[in-house]
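What you are looking at is a predicted structure, and each value in this text was computed from that prediction instead of being measured. Heads up: numbering here begins at 1 and tracks the sequence.
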Amino acid sequence: MDGDFIVPFARRGSIVGADDLSMITDLVHSGDVLSAGNLRDQFEARFAKHVGSRYALSVTSGTVALELAIEMLDLTPGDEVIATPQTFQATLQPLLAHNIRVRFCDIDPVTLNLDPTLLRSLITDRTKAILLVHYGGYPADMDRIMAIARPRGITVIEDAAHALGTTYHDRRPGALADIACFSFHSTKNITTLGEGGMITLDRDDWAERMDRRRNNEADGLYTPAPAPAPFLLPWMKFSADVYRWTCTGIRKPGTNATMAEAAAAVGLTQMDKLDALVARRRWIATRLNDTISRFPGTRVQHVPPGIEHSYHLYTFFIDHNRDELVRSLHSRGVEVQLRYFPQHLTPEWRWRGHTEGECPVAEQLWFNSHMNLPCHPGLSDAQVDHLLASVESSLRDLDSTHRRAS
Ligand SMILES: *Cc1c(COP(=O)(O)O)cnc(C)c1O
């Protein structure tokens, strides 16, 4: 489908080049193990250092990262989680499996992030967690969110799938709350050859539990049994060690979420390019902002000092004739998307009683004025020129039609 567009929205979010491929060739020729090897350890160490967390655990996708993160909360039916409705469905999906009550928190009309001024009114004595997204790479208002969550003992999870390369007052998403989840899907800011994810956190016990879970070991509570009989032969020692740990409670059986060694190898070279990849996104976004903000009735995302936006998504708003603008850009070969449909209005959540009017800002913006334009390093200079010229022409046409009508 997107092959028809001169400027596609996001076929790929990163550049996969000869440097990435040579890592894989070297790995294959080395004869080393192809799963969970030394390169995975290096990728995780590098990632943890980059975001400023104690631990980074790689997994097979951002979705799996979110599932493991939610499991650490040991939620029981009736518990409540406060979440943003303005996100991809994978953010909230793990909550469905636990029969959790979600209280959707409406969003800020510029950043599209969870609005911290509404948080207090949504907290009850069953609130266990806040699940937020750094929408498009614009960091959520973490100081205010943490100031509300910390004293109440509420866990905060960052869905940082868009926010690799973002900075927040000299810190980075991934180390701003309790647990963070990243995605290396093909369209994200870096990719581990199509699929992959990372969890970052500081807590030892959670890191240990997640490491077990992703490696086919049960997530259980173990207590040592009495010392094994002394007559064991050395080759029996392994079973004896296992026997020594008597299990008193299994929370979850293990699963296999191991990132392939070749994917981790590419992750390492992608980290080398991260700054350049994000710089290219910022360069395109700045030009789009300059072009769009000259037209009345538009709003762009201005970024305050102390914050660096990764522009995983380029977002702007138009007060009138949004759908007409989408059609006009499509006819010029520019692919527009509206990310994301408010989650509380999807069938899964409607079925649980959620409905229109619950998050008026998210609804009003998505149905009437929100737009996302292509903004990624896969675009050539010629494609960026075509994008800017098309946006300018479409807005000019729309503006003159609008003026004639009013
Ligand atoms: C991409 C994405 C995910 C899921 O990541 P996958 O690696 O595709 O499973 C989760 N949350 C958000 C906000 C995303 O954009």
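- Counted by atom type alone, Thr269 and Asp19 present zero donor-acceptor pairs between their side chains at under 3.5 Å.
- Donor-acceptor pairing under 3.5 Å is recorded for the side chains of Ser310 and Asn189.
- Between Ile179 and Trp206 the shortest side-chain heavy-atom distance falls below 4.5 Å.
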>> Between Thr166 and Glu308, is the side-chain hydrogen bond (donor to acceptor under 3.5 Å, both in side chains) condition met? List the steps.
In response: CA-CA 5 Å; Thr166 292; Glu308 289 176 307; over 6 Å; no
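- Judged by distance alone, with hydrogens and angles left aside, the side-chain atoms of Asn321 form no donor-acceptor pair with the main-chain N or O of Glu324 at under 3.5 Å.
- For the atom pair CG (Leu387) and OH (Tyr314), the distance works out to 9.5 Å, reported to the nearest 0.5 Å.
- Atom CZ of Arg282 sits about 13.0 Å away from atom CG of Asn289, to the nearest 0.5 Å.
- Classified by interplanar angle (parallel below 30°, tilted 30° to 60°, perpendicular above 60°), the ring pair His344/Phe104 is tilted.
- Atom CG in Asp79 sits 11.0 Å away from atom CG in Asn99 (nearest 0.5 Å).
- Under the 4.5 Å side-chain criterion, counting only non-hydrogen atoms from C-beta, Thr63 is in contact with Glu67.
- Annotation for Arg12: atom CZ does not count as buried by contact number, only 12 or fewer foreign heavy atoms lying within 6.0 Å.
- Defined by atom type and a distance below 3.5 Å, a donor-acceptor pair is missing between the side-chain atoms of Thr346 and Gln89.
- Between Leu325 atom CG and Phe295 atom CZ the span is 10.0 Å, to the nearest 0.5 Å.
- Side-chain atoms of Arg172 do not come within 3.5 Å of backbone N or O of Val51 as any donor-acceptor pair.
- Remark: side-chain polar atoms of Arg281 are paired, donor with acceptor, to backbone N or O of Cys375 under 3.5 angstrom.
- Using bins of under 30°, 30° to 60° and over 60° for the plane-to-plane angle, the ring pair His320/His402 lands in the parallel bin.
- A donor-acceptor pair under 3.5 Å is absent between the side-chain atoms of Asn215 and the main chain of Glu217, judged by distance alone.
- Ring geometry for His309 against Tyr311 counts as parallel: the plane angle stays under 30°, on a 0 to 90° scale with 60° as the upper cut.
- Here the side chain of Glu158 pairs a donor or acceptor atom with the backbone of Leu176 at under 3.5 angstrom.
- Checking Gln270 against Ser14 by side-chain atom types alone, a donor-acceptor pair falls below 3.5 Å.
- For the pair Ser394 (side chain) and Val391 (backbone), a donor-acceptor distance under 3.5 Å is absent.
- Look at Arg209 and Glu71 and you find no salt bridge, because none of the NZ, NE, NH1 or NH2 atoms lies under 4.0 Å from a carboxylate O.
- Side-chain contact between Phe9 and Leu313 is present, with heavy atoms from C-beta onward closer than 4.5 Å.
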> Checking side-chain contact (heavy atoms from CB on, under 4.5 Å) for the pair Val334/His386: CA distance, chi angles, key distance, verdict?
Replying inline: CA-CA 8 Å; Val334 172; His386 183 84; 4.2 Å; yes
>> The test is ring pair (Phe, Tyr, Trp, His ring centres under 6.0 Å); show your working for Phe184 and Phe47 and say whether it passes.
In response: CA-CA 12 Å; Phe184 310 126; Phe47 201 91; 5.7 Å; yes
> What's the verdict on salt bridge (Lys or Arg N to Asp or Glu O under 4.0 Å) for Arg404 and Asp399, showing C-alpha distance, side-chain angles and the deciding distance?
Replying inline: CA-CA 9 Å; Arg404 252 181 278 123; Asp399 195 41; over 6 Å; no
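- No side-chain heavy atom of Leu345 sits under 4.5 Å from any side-chain heavy atom of His354.
- Distance check: Ile100 CD1 to Leu131 CG gives 11.5 Å after rounding to the nearest 0.5 Å.
- Checking Tyr55 against Asp211 by side-chain atom types alone, no donor-acceptor pair falls below 3.5 Å.
- Rounding to the nearest 0.5 angstrom, the gap separating the CD1 atom in Ile70 from the CD1 atom in Ile157 is 4.0 Å.
- A 4.5 Å side-chain heavy-atom check between Met72 and Leu201 finds every atom pair outside the cut-off.
- Between the side chain of Asp219 and the backbone N or O of Arg213 there is no donor-acceptor pair closer than 3.5 Å.
- Remark: of the listed residues His162, His185, His134, His162 is the sole one forming a ring-ring contact (aromatic ring centres under 6.0 Å, His included) with His312.
- In this structure the side chain of Gln42 never reaches within 4.5 angstrom of the side chain of Arg46, judged on heavy atoms.
- Taking 4.5 Å as the limit, some side-chain heavy atom of Thr124 sits within range of a side-chain heavy atom of Arg103.
- Using a cut-off of 4.0 Å between Lys/Arg side-chain N and Asp/Glu carboxylate O, Asp74 and Lys252 are scored as not salt-bridged.
- Other residues, nucleotides and ligands contribute over 12 non-hydrogen atoms within 6.0 Å of the CG atom of Asp205.
- Taking the six-membered ring for Trp and thresholds of 30 and 60 degrees, Trp366 and Phe341 have ring planes more than 60 degrees apart, a perpendicular arrangement.
- Taking the charged nitrogens against the carboxylate oxygens, Arg40 and Glu261 have no contact shorter than 4.0 Å, which rules out a salt bridge.
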> Would His370 and Asn372 satisfy side-chain hydrogen bond (donor to acceptor under 3.5 Å, both in side chains), going step by step from the backbone distance to the final call?
Replying inline: CA-CA 7 Å; His370 164 164; Asn372 301 112; 3.1 Å; yes
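- Looking at Asn113, its side chain does come within 3.5 Å of a backbone N or O of Tyr138 through a donor-acceptor pair.
- Side-chain contact check for Arg332 and Ser328: at least one donor-acceptor pair (N or O, by modelled atom type) lies under 3.5 Å.
- With respect to Asp115 and Arg144, no salt bridge is recorded, no charged nitrogen being found less than 4.0 Å from a carboxylate O.
- The backbone N or O of Ile292 lies less than 3.5 Å from a partner atom in the side chain of Thr298, making a donor-acceptor pair.
- Side-chain contact of Ser58 with Glu44: a donor-acceptor pair under 3.5 Å is present, judged by distance alone.
- For Glu348 and Arg352, the salt-bridge test fails: no basic side-chain N is under 4.0 Å from an acidic carboxylate O.
- No donor-acceptor distance shorter than 3.5 angstrom exists from the side chain of Asn256 to the backbone of Asn216, with no hydrogens or angles considered.
- Looking at heavy atoms from C-beta onward, Arg126 lies in side-chain contact with Thr76 at the 4.5 angstrom threshold.
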